[in-house]
Amino acid sequence: MKIAIGSDHGGFKLKGEIAKHLTSKGIEFVDFGTFNENSCDYPDFALKVAEEVAMKNFEFGILICGTGIGISISANKVPGVRAALCSDTFSAHATREHNNANILALGERVVGTGLALDIVDTFLNAKFEGERHQRRIDKISEIEKKYLK
Ligand code: RB5
């Protein structure tokens, strides 16, 4: 499993904790920045990770900003990306099982580090259930196609 991670300054510290956590579990990842706490713009990092995941260079992405909201909204503009903002472990496995989410978004200012790492583990270990859920995801793709120029 290969993971792409990214954050803005608001998610920089939590990204570092997640990087340490993935390393400790032997999970391969690439960090697409930001690389310091200087103020920056979350869409820049959302775009990098979202494109890598959409191109299937990585199985999953993890994106963090202060709330997780801006960075997930941005990532979801890339066709093929299903970024899920999660602040609890139920949502983390349900979004893999039902939505086949390929990016997990987290808010550093919302969840503590311990919970965030549990959410990461839960998300990465859950499996898509297919069947009726695939039909619904296909409808999401149809919406994307409708608005693609
Ligand atoms: C940055 O201050 C903050 O706005 C950003 O990290 C994020 O929370 C936006 O949704």
Side-chain angles (χ1 to χ4, degrees), residues 1-25 27-126 128 133 136-137 139-149:
M1 184 190 298
K2 237 175 115 189
I3 317 279
I5 65 173
S7 77
D8 71 351
H9 56 290
F12 176 72
K13 283 202 189 87
L14 181 56
K15 175 164 66 65
E17 294 299 329
I18 291 169
K20 275 194 270 175
H21 185 69
L22 294 176
T23 301
S24 78
K25 301 220 155 208
I27 298 173
E28 201 183 333
F29 68 93
V30 174
D31 186 348
F32 287 89
T34 188
F35 297 109
N36 56 53
E37 286 186 277
N38 297 342
S39 182
C40 61
D41 300 334
Y42 55 79
D44 298 338
F45 302 95
L47 180 62
K48 287 183 195 190
V49 168
E51 285 185 335
E52 291 291 338
V53 172
M55 288 188 293
K56 302 201 186 302
N57 294 333
F58 294 83
E59 191 173 346
F60 297 117
I62 300 175
L63 285 168
I64 313 110
C65 67
T67 59
I69 297 171
I71 209 152
S72 56
I73 291 173
S74 308
N76 277 317
K77 298 295 177 192
V78 175
V81 163
R82 291 176 301 280
L85 171 58
C86 296
S87 301
D88 64 275
T89 54
F90 176 81
S91 301
H93 68 77
T95 196
R96 287 284 311 117
E97 292 159 358
H98 290 198
N99 315 124
N100 202 10
N102 48 15
I103 293 186
L104 170 65
L106 293 160
E108 180 183 306
R109 298 172 190 161
V110 181
V111 290
T113 302
L115 176 57
L117 299 182
D118 279 356
I119 291 170
V120 167
D121 288 344
T122 303
F123 182 89
L124 296 180
N125 289 326
F128 179 50
H133 304 297
R136 293 161 188 164
I137 288 166
K139 289 189 177 186
I140 297 175
S141 305
E142 289 305 315
I143 296 171
E144 283 176 347
K145 280 187 207 140
K146 182 175 176 188
Y147 286 95
L148 277 174
K149 289 198 182 101

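Counting starts at 1 for both ligands and their atoms, in listed order.
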For Glu17 and Lys20: C-alpha separation, side-chain torsions, deciding distance, then whether salt bridge (charged side-chain N to carboxylate O under 4.0 Å, His left out) applies. CA-CA 5 Å; Glu17 294 299 329; Lys20 275 194 270 175; 3.4 Å; yes
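- At least one side-chain heavy atom of Asn102 sits less than 4.5 Å from a side-chain heavy atom of Val81.
- Here the side chains of Arg82 and Asn100 are in contact, with some heavy-atom distance below 4.5 Å.
- Residues forming a ring pair (Phe, Tyr, Trp, His ring centres under 6.0 Å) with Phe32 (at least two apart in sequence, or on another chain): Phe58.
- Partner Thr89 forms a side chain to side chain contact (heavy atoms under 4.5 Å, CB included) with one of Val120, Asp121, Thr122 and no other, that one being Thr122.
- Contact residues of ligand 1 (protein heavy atom closer than 4.0 angstrom to a ligand atom; sorted by chain and number): Asp8, His9, Tyr42, Cys65, Gly66, Thr67, Gly70, Arg109.
- Using a 4.0 Å cut-off between charged nitrogen and carboxylate oxygen, Lys15 and Glu108 do not count as a salt-bridge pair.
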